[in-house]
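Following: one structure in structure tokens, then a few remarks.
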Amino acid sequence: MGKGTQAERLEKNFGWVHVSTGDMLRDAMQEGTYLGQKVKKYVERGDLVPDDLMVEMVRDRLSKEDCKKGFILDGFPRTVIQAEKLDGIFDELELKLDGVISIEVSEEEIVRRLSERLICAGCGRVVTTGGNVEKDERCSVCGDQLVRRKDDKPETIRYRLKVYEKQTRPLILYYAGRKLLRKVDGVGLEDEIYCRILSALGFSPGKG
Ligand code: AMP
């Protein structure tokens, strides 16, 4: 929760490439590519996209030149199979995983925050409405319409949480066992959470 915003800040301050699998899938869906058409049904109902598609997408992205300067994976891996395949990709590309951040937020808080979130249909900016959603509200940056993500409907949010419990939570043990896991309290202001992430990564909070 809030992982995209925090990853963007890390990208801006450290120059690491923000690799968000959710953004990549939404772009493919919007552009109507072959991949986009294939994944639409999974994303919109809140299911995970099959591992083989995800792993190929991530392998392609991490092979690109810009990732040599360092990158943050946002939303990947989400299953133990993806994590095992990611280990293989890191070996293949001679990369090293420095750490895994788990931003910890209660279920009620996740449902509340996601229900209040809109995104700009034009530039993809995330806007928190505080619950007051005006009809036909516009983005203050590009002027395009603010919309709700199809998978941010309350019933889909609850379904995504179930999917998380079953398929993604086991990764906590997977990375804790490898001494890579850093848990961060995700309750508080964006700046506070950012400072906690910096400390968890071993940087002084003065950075960025
Ligand atoms: P996110 O923007 O990270 O919340 O991802 C939005 C949706 O994209 C998820 O609910 C999944 O349907 C899909 N997705 C993103 N990353 C993955 C992944 N690593 N594995 C499978 N599906 C994913």
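Residue numbers run from 1 in the order of the sequence given. Every number for a ligand or one of its atoms is a count from 1 in the order of the listing.
Side-chain contact between E8 and D74: absent, with no pair of heavy atoms (C-beta onward) separated by less than 4.5 Å. Annotation: side chain of V184 is not in contact with side chain of E104 (no heavy-atom distance under 4.5 Å). Taking 4.5 Å as the limit, some side-chain heavy atom of V39 sits within range of a side-chain heavy atom of M29. The closest side-chain heavy-atom distance from R113 to V105 is below 4.5 Å.
Remark: among candidates T156, L25, V49, the nearest residue to atom 14 (N) of ligand 1 is L25, based on non-hydrogen atoms. Proximity annotation for atom 16 (N) of ligand 1: of D51, T21, T168, V58, T21 comes nearest, heavy atoms only.
Between D151 and the choices R149, R148, K153, the salt bridge (Lys or Arg N to Asp or Glu O under 4.0 Å) rule is met once, by R149. Screening L73, V55, L95 for a side-chain contact (heavy atoms from CB on, under 4.5 Å) with L86, the sole residue that qualifies is L73.
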Can you check side-chain contact (heavy atoms from CB on, under 4.5 Å) on I110 and L161, steps first, answer last? CA-CA 9 Å; I110 291 179; L161 287 168; 3.9 Å; yes
List the steps, then state whether side-chain contact (heavy atoms from CB on, under 4.5 Å) holds for Q82 with D87. CA-CA 9 Å; Q82 290 180 13; D87 289 340; over 6 Å; no
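If you number the atoms of ligand 1 from 1 as listed, the ones under 4.0 Å from a heavy atom of R26 come out as 2 (O), 6 (C). Near Q82, meaning under 4.0 Å from one of its heavy atoms, ligand 1 places the atoms 18 (C), 19 (N), 20 (N), 21 (C).
Regarding atom 15 (C) of ligand 1, its nearest protein heavy-atom neighbour is R78 NH1, 3.2 Å. Nearest protein heavy-atom contact of atom 3 (O) of ligand 1 is K3 NZ, 2.7 Å. The single protein non-hydrogen atom nearest to atom 11 (C) of ligand 1 is D47 O, 3.5 Å, given as residue, atom name and distance.
Using a 4.0 Å cut-off between heavy atoms, R149 contacts ligand 1 through its side chain alone, with no backbone atom that close. When heavy-atom distances to ligand 1 are checked against a 4.0 Å cut-off, D74 has no atom that comes that close, whether in backbone or side chain. Of the heavy atoms in L48, both backbone and side-chain atoms come closer than 4.0 Å to ligand 1.
No N or O atom of P77 sits closer than 3.5 Å to an N or O atom of ligand 1.
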